[in-house]
Amino acid sequence: MAQIGILTPVFNTPIETLDLCIKSVLNQENKNWEWWIVDDASTDREVVSRLEALAASDKRVHFIRRDTNGGIVAASQFGLNLVTSEFVALLDHDDELHPEALSFVRSATLSHRDLDYLYTDEDKIDSSGRHYDEFLKPDFSPERLRGQNFCCHLSVFRTQLAREVGGFRPGFDGSQDYDLILRVTEKARRIVHIPHVLYHWRAIDGSTALSAGEKPYAYRAAARAVEEHLARTGISGRVEDAGHGYHRVRRDVVNNPLVSIVIPTCGTRKVIGGVDTCLILNTIDSIERTSSYRNIEYIVVADTHTPEYVLNSIRALDIKALKIVSYDRPFNFSDKCNAGFVQSNGEFVLLLNDDVQVITPDWLEWLVGYAQESHVGMVGPMLLFESGHIQSAGHSNTPSPHNFRAGEYPDQPGEFGILAVTRECSGVTGAAAMLRRDVYKEVGGLSVQFPNCFNDVDLAFKLLDRGYTILWTPHARLYHFESASRDATVDKRELDHLLNRWGRLFDQDRYCRTD
Amino acid sequence: MDAASQNDDLLRRDYALGLLAEVTEAKFRLQRAEREHADLIQRLQTEMTRCFEAETRVAVLERELSSVSQLRRQVADMQSSMTWRIGRLILAPVRVLRRIVRR
């Protein structure tokens with residue numbers, strides 16, 4: 001019995017592309033495979049005769065013809081029931097495998113005996129055979145998977161598990177593999193990502209490889225697959241359209257918890273939109289005017305040299321849940337945030353710079369919704385410069401910690417939807433970061449060892465080190481008039497200290513492999 | 001817990017986690033240095049083996065060179081002997097005839 005089976009449903013495949021697909025399988029370095037080709041009642045005689053001849057010439061190839069055309073789901077399930085190998089890899093009839101694909105898969109299955117699902121990087125091939133759109137994928141990211149099927153090709157399942165969870169389900173045509181991936185990954189003991197391009201997805205007219213909008217029925221099926229995934233996993237929320245062919249899962253906020261917004265300030269002013277503005281007042285005012293979430297308290301940590309008129313203006317806002325904490329020690333951003341934290345009462349703490357302005361009214365619902373999940377350590381929103389360009393889409397550690405995608409347009413999805421979906425990341429900027437109170441305490445808050453820079457990077461590494469997930473979401477948006485209120489220069493001592501703590505994590509980003 | 005105690009608690013936790021991170025980082029660097037050291041030792045051994053093989057080959061070549069030199073000296077000695085000269089003189093007509101025939 002072969003260890004790896006390939007499952008390919010076929011229907012009237014253009015003969016040239018079918019030949020390329022066949023060639024890619026026959027050219028595998030690892031010869032220990034079996035190939036289950038299920039013809040879904042093709043009317044093209046050449047396709048049938050080509051596959052019959054292939055099966056006659058190679059005992060590893062099993063060609064089965066269905067009497068009636070049942071569609072991709074029926075054909076795939078028909079084949080899954082026949083597969084005898086321990087693992088099954090899905091290969092579409094017009095795509096190609098890299099010659100080393102099955103070698104890598106075999107190596108992974110031998111290295112991890114408990115492996116239940118694996119996926120690889122992929123690229124696309126155009127009609128002239130040119131390879132493009134290389135997708136270097138992140139390590140397994142469940143939240144990102146809820147927004148898009150980023151695992152996609154090549155997907156390899158433990159055959160027994162794929163069957164146990166129900167295989168390919170009718171009604172999910174076009175997203176049947178996404179639905180199966182969701183159900184298998186819910187149960188999988190181990191999920192492995194092979195960071196090599198081992199699958200070549202042919203982009204032809206009508207193919208989803210060209211555009212996610214090519215098959216609207218597939219998009220609707222994907223939404224239903226995610227809805228059912230939420231029900232199975234006990235996530236309380238609903239699936240919404242995130243644009244560009246992606247989804248987003250809006251979580252239900254449980255029990256309307258108190259959110260403490262900790263804002264360090266020294267009463268700085270800046271010209272914003274041509275108007276001389278007191279930043280802290282603008283920040284609080286924008287939250288009050290724009291936010292739909294109302295159970296919040298403000299902890300304003302003000303340096304002793306903050307102008308009295310600013311403090312009076314804050315008091316004049318007449319916000320009941322507002323506390324001004326006087327900070328009389330030398331500047332230390334981390335210490336200031338911690339000083340605010342210990343004066344707060346909220347179940348959730350939002351670290352917020354005084355130079356931000358709310359854009360999306362439901363930003364707090366998005367942040368709380370994610371932060372309330374026990375495995376989530378920190379959540380950050382999309383931050384924009386005053387110009388409307390991205391200031392931060394989370395952090396990336398490739399090659400060293402920095403704000404991801406700074407300067408890009410926020411309404412573009414980014415490559416492979418990286419700016420369109422909520423996703424796991426290696427950190428978010430401390431200018432706007434939400435944590436649960438217990439998590440903040442557990443990791444000792446922001447480290448006073450980093451008074452000016454990298455305190456948020458250090459916080460993120462502490463959280464990752466303790467096994468927490470950090471999420472970044474494009475669905476909560478704020479302006480961040482960056483470094484308007486403090487010196488942006490990097491202190492070498494702080495960088496050295498960061499390297500002494502976390503140097504091993506530089507250039508090792510599990511979620512952003514490209515900059 | 002009052003605010004000051006909570007703040008102390010945060011400081012202690014960060015200090016502990018920071019130290020742990022520094023120890024882990026130091027171990028990581030040590031392991032990396034050990035790996036690099038092992039790689040260097042391996043490379044050094046490979047280079048030493050190549051060097052030894054080269055020296056052996058050089059010694060063989062030197063011996064062969066010395067042998068060739070000795071043979072050359074013997075040939076030179078022989079060609080400068082009276083016997084060789086007389087022999088060449090005797091065979092001179094034969095060499096002339098051979099040249100003529102070859103033409």
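A note on names: the letters A, B, ... follow the listed sequences, proteins ahead of strands, and every chain is numbered from 1.
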message: Surrounding CZ of B/R43 (heavy atoms of other residues, nucleotides or ligands, distance under 6.0 Å), is the total greater than 12?
response: no

- request: Counting only heavy atoms closer than 4.5 Å, note whether B/R12 contacts chain A via side chain, backbone, both or neither.
  value: neither

field: Contacting moiety of A/D465, where chain B heavy atoms sit under 4.5 Å
entry: neither

- line: Whatever's closer than 4.5 Å to a heavy atom in chain A on B/S5 counts as neither

- prompt: Quick one: does A/R501's side chain get under 4.5 Å of A/Q449's, heavy atoms only?
  reply: yes

- prompt: Given that the side chain runs from C-beta out, which part of A/F461 has a heavy atom under 4.5 Å from chain B: side chain, backbone, both or neither?
  reply: neither

message: Tell me if the CZ atom of B/F28 is crowded by more than 12 foreign heavy atoms within 6.0 Å.
response: yes

- request: Could you give me the CA-CA distance, side-chain angles and deciding distance for A/H497 and A/F450, then say whether side-chain contact (heavy atoms from CB on, under 4.5 Å) is met?
  value: CA-CA 8 Å; A/H497 194 57; A/F450 301 95; 3.3 Å; yes

task: Examine whether an atom of A/L499 lies under 4.5 Å from a heavy atom of chain B, and if so say whether it belongs to the side chain, the backbone or both; otherwise answer neither.
output: both

message: For a side-chain contact (heavy atoms from CB on, under 4.5 Å) check, start with the C-alpha distance between B/R13 and B/D9, then their side-chain angles and the critical distance, and finish with the verdict.
response: CA-CA 6 Å; B/R13 283 172 188 266; B/D9 186 49; 3.1 Å; yes

